[in-house]
Amino acid sequence: MADDISKSSNQRSPLTTNYLRSEKINVNDNNEEPFYNASNRFTNQSYFNKNLDIVYENPNLNIQNGTEKKDYSSRRTYFEDKAAKQALSDSVRREAYGKDKPQIFNNLIIYVNGYTNPDRSTLHDMVVLHGGHFSHYLTAKSKVTHIVAENLSLKKRIEFASYKVVLPKWLVSSVQAGKLLPWQEFSLLRTNTIGQTTLDINRLKKQPQITNCNDPDFIQNFFANSRLHHLSTWKMELRQQFLDSFNPVMIPKTGEQLTIFHVDFDCFFATVAALSSTTIKCDLNKEPIVVCHGSKSSDIASCNYIARQYGIKNGMWVSQAQKLCPKGVKLVCLPYEFDKIKEKSSIFYKTLQNLNMFNMILPISIDEAVCILIRTSLNNHNDELICERIREAVFRDTEGCTVSVGCADTLILARLSLKLAKPNGYFTCMKYMKDSPLFWENFKNDDLPGIGRQLVSKLNTYYPRCNNLWQLRNDASIESLKALLGNKLGSKVYNQLRGKDDDEAAKLIHDPISTFERKSLSIDINWGIRFSKIEQVDTYLERCVEYLIAKLKEMKKNTSQVTLKVMKRAKDAPIEPAKYLGMGQCDSFSRTNRLGIPSSLQGLITTELRNMFRSLSCPPAEVRGIAVHFTKLVDVAKYRQKRLPFQKNIILNINETNKINSPVTPFKDVVPDINVTTPNRDNGGNLQTGIPKRPVKRVLFREEHNNISHKSSPDEYHSDLESPRKKMQKMLDRTESSVSKRPSIVNSPLREIDTRYSPSKEESSFLSDFPTRTAKEDIAYDTTQNSGEEYGNGGSFNNNVANVNIEKNIYEHNNKRLLGLSNGDSIRDKIESDELSSQDTGGLTENDPKIFTYGGLVNHDDESNFKIMFQGISGTEEIMDSYENWIYSTLHDIPPSDRDLIILEDFIWSLLRTGSIHTVIRMTQRLSSILRNFSLINKKNYNGNQKWEVVLIRKLIHILNMHSNWDDEKLPTDFPIKY
DNA sequence: TTAGGTGGCAAG
DNA sequence: CATCGCTTGCCACCTAA
Ligand SMILES: Nc1ccn([C@H]2C[C@H](O)[C@@H](COP(=O)(O)OP(=O)(O)OP(=O)(O)O)O2)c(=O)n1
């Protein structure tokens with residue numbers, strides 16, 4: 001915490017570091033993006049090669065030399081040619097000899113490794129004649145689905161870790177059985193000691209890095225490597241753990257005397273990296289060590305105290321850090337060790353617990369905790385002894401990581417003491433120091449918590465003579481501080497300077513429960529975000545929502561408000577910023593919408609966000625970052641969400657499921673969730689909302705401050721825009737009658753932009769002729785795997801997109817029809833009455849066994865369209881929502897019941913019979929996504945998710961495969977089977 | 001006057 | 001090659017009623 005770059009840095013604490021400073025620091029402060037610095041001064045790239053003497057441990061970072069690269073690429077081309085020829089001859093052979101054979105290996109691409117029995121060519125024939133493909137090589141592009149091998153060396157095992165590796169017997173037995181047997185039963189890895197293997201894999205596996213944000217795994221991959229993501233999620237995990245295991249009795253009462261020990265690892269990431277570094281030996285006490293991913297514009301997460309002597313700080317770019325090193329000094333770059341970091345942190349917290357000394361241990365972050373001791377007349381501690389005990393115990397248990405401890409009787413004094421203690425020491429703030437210059441003169445303005453870069457520069461401007469906190473304490477009146485920093489912060493600082501915690505800070509101690517309770521949930525990625533088409537944004541938004549909803553479900557919460565924030569490349573910023581795939585200078589735009597009713601439905605929220613994105617009028621190609629926030633979280637228990645498929649009247653319905661053509665359950669008590677969305681969709685459908693907001697702030701990082709040009713924001717522009725937008729917000733909560741009040745946008749100069757990034761009229765008619773089965777309407781899977789270059793172009797979400805532009809009357813007509821409303825009814829009234837009736841009947845609780853039915857097959861409506869009813873619901877979106885809810889509620893200990901699964905299977909088949917294969921694909925995809933996210937969040941497996949995994953592979957994918965054999969309608973060969 | 005939306009800022 | 005620039009919460013300010 002001590003030495004972040006984000007704090008002003010031309011001052012130092014004499015106690016901690018009294019070495020070289022100011023000129024070096026000016027280099028930091030010149031507000032230029034290093035990239036431009038570099039290219040201006042040293043236009044020749046080789047300057048870096050010659051002069052940046054950086055030692056890498058990470059083998060990934062080694063520069064590959066040119067000739068090797070060339071060989072590699074030519075080799076690849078060769079194989080690609082060969083593969084094409086091979087595929088051709090395979091299909092000819094299949095045509096000639098395989099016609100009468102069951103095509104059980106459809107969609108499989110098999111690669112055979114090493115010696116096998118039966119041998120490679122036999123297997124080859126077997127695969128090809130039964131509809132499969134055979135690959136002779138293994139690259140990312142070859143899309144191999146399974147590797148067949150008898151045995152694998154450790155090295156191969158690591159290399160193949162992400163593949164399904166099976167015994168040849170799988171192929172043989174499947175052919176004998178005349179059907180595709182589950183590969184898992186022939187998995188090679190299972191017959192080995194998995195524990196051992198995965199351990200080695202984790203250590204050695206070099207994962208391919210995904211840098212395309214349109215890749216389905218981008219988010220997961222990015223997060224796996226993002227230090228800031230780790231910090232944030234760890235922090236929330238620690239808070240949750242605290243809440244789960246905490247005894248409120250331990251909360252100190254106001255007025256009790258406390259001793260506070262603030263404990264923090266020294267340069268945590270750097271220490272862990274250095275200690276676990278095996279391939280390179282480095283000395284934390286002799287060499288400057290930093291933890292980073294790359295070599296130039298890569299952020300330094302943590303640097304050791306040697307590096308800090310040169311002025312290097314956490315958050316600084318490597319190139320800048322290198323410049324700060326004296327000639328001849330090598331900067332040691334180590335890779336992140338997230339697993340180890342987590343491990344050391346757990347030990348740290350356990351150790352503190354085991355000391356059995358404290359009334360409370362409050363987590364501040366992964367490497368930092370505040371330990372509270374209540375003083376009574378009975379216990380008279382020796383604070384210094386306790387500090388030493390803590391330090392020894394942690395050092396011993398973590399095998400070499402040092403912590404520093406600051407001890408005092410308030411949080412602020414403990415924190416300042418910690419600052420003095422670092423590195424590798426402790427400091428107790430005695431009574432006599434609290435008001436003494438001997439203590440306060442050691443601190444700079446930015447040592448105050450809550451004072452960062454911006455505020456420190458304010459302080460420095462207003463109090464230019466105050467170079468340390470003692471001077472500030474004497475010079476700054478409470479009035480002037482309040483005027484400068486605002487009311488709250490002003491008095492907070494004033495009190496801090498006198499060693500007192502303000503109420504807000506003390507809340508941590510006296511009300512940890514509400515302090516640690518989660519109030520919002522968000523995802524925010526500003527790296528690697530590059531789109532070319534709106535569909536890609538749509539897909540990305542859905543993935544964001546997917547991620548958030550998985551978490552939301554874990555917490556049993558709904559959200560009633562969503563915010564979308566878009567980072568747009570600033571006009572004068574280069575297309576590609578200095579940092580590879582970074583965001584560069586951006587303007588930020590945001591929009592908040594309320595959902596009519598708290599929800600955790602993916603379809604609903606995604607649609608909302610897509611509309612919001614369109615309303616921001618940002619060309620996809622200009623987007624550099626996207627954030628989705630769920631604000632206003634509501635307990636599911638408090639707000640009983642509608643439980644469509646599981647109400648009693650539906651349960652009765654199960655008796656009718658075998659009567660295929662029986663009439664469907666009337667809507668009476670079964671209200672599809674669509675009514676919840678109505679006002680919002682309607683709102684979104686209105687191009688009115690396509691009013692771009694002015695950029696609120698030029699967002700840039702410290703390194704990129706060179707070209708600051710604050711956007712002017714003419715007032716008339718502002719007010720013109722704000723007002724109708726606010727009106728639109730209000731409309732969200734109104735009935736359709738308000739919709740007519742929409743202001744016209746005919747005269748808006750922005751209309752053209754709006755429509756450009758909104759779907760055209762022609763695309764928008766799906767609801768009126770639902771359920772026509774155009775590809776546009778209901779293809780759900782991602783075409784990523786096929787197209788290679790055009791991710792997410794499957795039109796998968798055009799039905800949602802289409803909603804945006806639906807004419808009001810058509811829209812309402814259809815929804816009322818769906819809802820069983822007559823034309824005079826207000827949708828809002830309907831929502832409310834259904835809410836009531838849902839509460840009356842009580843619904844089933846989360847843990848009740850669920851009955852999942854689909855009621856009958858087809859039904860002719862007045863437009864003579866087929867409708868498959870599912871749970872009395874016929875809209876694709878609503879069916880998806882019910883389906884999704886069902887999955888979520890059966891992911892944990894209570895799995896979906898077999899009976900329900902049979903019903904699901906029936907439903908799937910009838911979809912296929914009526915040609916709705918894309919809906920089935922979509923359902924498959926959705927299940928796959930949910931499971932993937934579930935495993936992202938849960939380390940542990942449950943009955944539920946495991947059962948669903950089996951359903952995914954053996955039922956859904958299997959049925960799709962079989963279906964594709966029926967009528968020569970070939971599915972894309974690379975259906976994502978990732979389990 | 002209050003209430004609620006929106007943006008700035010900081011921390012790790 | 002590079003590189004992984006997150007996420008949460010508080011507070012001030014503004015506007016509407
Ligand atoms: N801008 C930042 C700040 C911190 N961190 C990470 C790396 C740090 O190791 C960890 C803890 O942050 P601290 O502020 O405690 O910094 P250090 O532990 O590195 O150093 P100190 O000895 O000052 O505590 O958080 C980061 O990735 N990026």
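Each chain gets a letter, A, B and so on, in the order its sequence line appears, and its residues count up from 1. The structure displayed is predicted, hence computed values, not measured ones.
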* Report the nucleotide, chosen from dC11(C), dG12(B), dT8(C), that has the shortest atom-to-atom distance to any side-chain atom of S520(A). => dT8(C)

* Looking at T631(A), V628(A), N593(A), which one forms a side chain to side chain contact (heavy atoms under 4.5 Å, CB included) with T563(A)? -> T631(A)

* To do: Nearest whole angstrom, please: distance from the C1' of dT7(C) to the CD of E237(A).
  => 13 Å

* Return the nearest nucleotide to the side chain of R594(A); candidates are dG5(B), dT7(C), dG7(B). => dG5(B)

* To do: Using only side-chain N and O atoms of S295(A), determine if any of them is under 4.0 Å from OP1 or OP2 of dA2(C).
  => no

* Sugar-phosphate, base or nothing in reach of F223(A), heavy atoms under 4.0 Å -> sugar-phosphate

* Asked: So which nucleotide from dC11(C), dT8(C), dG5(C) ends up closest to the side chain of M236(A)?
  -> dT8(C)

* Asked: Once you round it to whole Å, what is the distance between P of dG12(B) and NE2 of H229(A)?
  -> 19 Å

* To do: Give one of base, sugar-phosphate or nothing for Q220(A), where a contact means two heavy atoms less than 4.0 Å apart.
  => nothing

* Among dC10(C), dC4(C), dG12(B), find the nucleotide with the atom closest to the side chain of K507(A). => dC10(C)

* To do: Apply side chain to side chain donor-acceptor pair (under 3.5 Å) to N225(A) and Q209(A), showing your working.
  => CA-CA 9 Å; N225(A) 293 290; Q209(A) 295 303 305; 3.0 Å; yes

* Give one of base, sugar-phosphate or nothing for K551(A), where a contact means two heavy atoms less than 4.0 Å apart. => nothing

* Minimum-distance nucleotide (side-chain atoms of L228(A) versus dC9(B), dG12(B), dT8(C)) -> dG12(B)

* To do: May I ask you to verify if any side-chain N or O of R624(A) is less than 4.0 angstrom from the OP1 or OP2 atom of dG5(C)?
  => no

* Asked: For the side chain of K579(A), counting heavy atoms from C-beta on, which of dG12(B), dT3(C), dT7(C) is nearest?
  -> dT3(C)

* Toward the 5' end of DNA chain C, by each residue's nearest nucleotide, T233(A) or S514(A) -> T233(A)

* Give a yes/no on whether any side-chain N or O of R518(A) is located under 4.0 angstrom from OP1 or OP2 of dT8(C). => yes

* Interatomic distance, F630(A) CZ vs dG9(C) C1' [rounded to whole Å] -> 18 Å

* Asked: Any cation-pi pair here, R308(A) with Y305(A), using under 6.0 Å and within 45°?
  -> yes

* Asked: Quick one: which of dC9(B), dT8(C), dT3(C) gets closest to the side chain of L455(A)?
  -> dC9(B)

* To do: Let me know the distance between NE2 of H230(A) and P of dC4(C), rounded to the nearest Å.
  => 14 Å

* Asked: Counting just side-chain N and O atoms, does N314(A) come under 4.0 Å of either OP1 or OP2 of dG12(B)?
  -> no

* Partners meeting side-chain contact (heavy atoms from CB on, under 4.5 Å) with S232(A) (sequence neighbours left out) -> none

* Would you mind telling me which of dC11(C), dT3(C), dT7(C) lies closest to the side-chain atoms of S232(A)? => dT7(C)

* **N or O in side chain of R415(A) less than 4.0 angstrom from dG12(B) OP1/OP2** => yes

* Hey, is the side chain of S226(A) pairing donor to acceptor with the base of dC4(C) inside 3.5 Å? -> no

* Any side-chain N or O of K519(A) less than 4.0 Å from the OP1 or OP2 oxygen of dT7(C)? -> no

* To do: Taking all non-hydrogen atoms of both residues into account, name the closest pair between V403(A) and F265(A) and its distance.
  => CG1-CD2, 3.6 Å

* Asked: Could you state the OH-P distance from Y580(A) to dA2(C), rounded to the nearest angstrom?
  -> 9 Å

* Would you kindly give the CG-to-C1' distance between L633(A) and dG9(C), to the nearest whole Å? => 13 Å

* Asked: Just wondering, do W527(A) and dG5(C) stack (centres under 5.5 Å, planes under 30°)?
  -> no

* Base of dG7(B) paired with side chain of S588(A) (donor-acceptor, under 3.5 Å) -> no

* Asked: Are side-chain N/O atoms of S365(A) and D367(A) paired as donor and acceptor at under 3.5 Å?
  -> yes

* With the side chain of S522(A) defined as its heavy atoms from C-beta on, choose the nearest nucleotide among dC10(C), dT8(C), dG12(B). => dT8(C)

* Which nucleotide in the list dT3(C), dG5(C), dC10(C) gets nearest to the side chain of M583(A)? -> dG5(C)

* Reckon S297(A) has a side-chain N or O less than 4.0 Å from the OP1 or OP2 of dT3(C)? -> yes

* Asked: Less than 3.5 Å between a donor and an acceptor, one on the side chain of Q209(A) and one on the base of dC4(C), is that the case here?
  -> yes

* **H262(A) side chain to E368(A) side chain, donor-acceptor N/O pair below 3.5 angstrom** => yes

* To do: Starting from P on dT7(C), measure out to NZ on K235(A) and report it in whole angstrom.
  => 13 Å

* Asked: Can you check the L418(A) CG to dG12(B) C1' distance for me, whole Å?
  -> 13 Å

* Between K579(A) (side chain) and S297(A) (backbone), is there a donor-acceptor pair under 3.5 Å? -> yes

* How is G528(A) classified with respect to the nucleic acid when contacts are heavy atoms under 4.0 Å: base, sugar-phosphate, or nothing? -> nothing

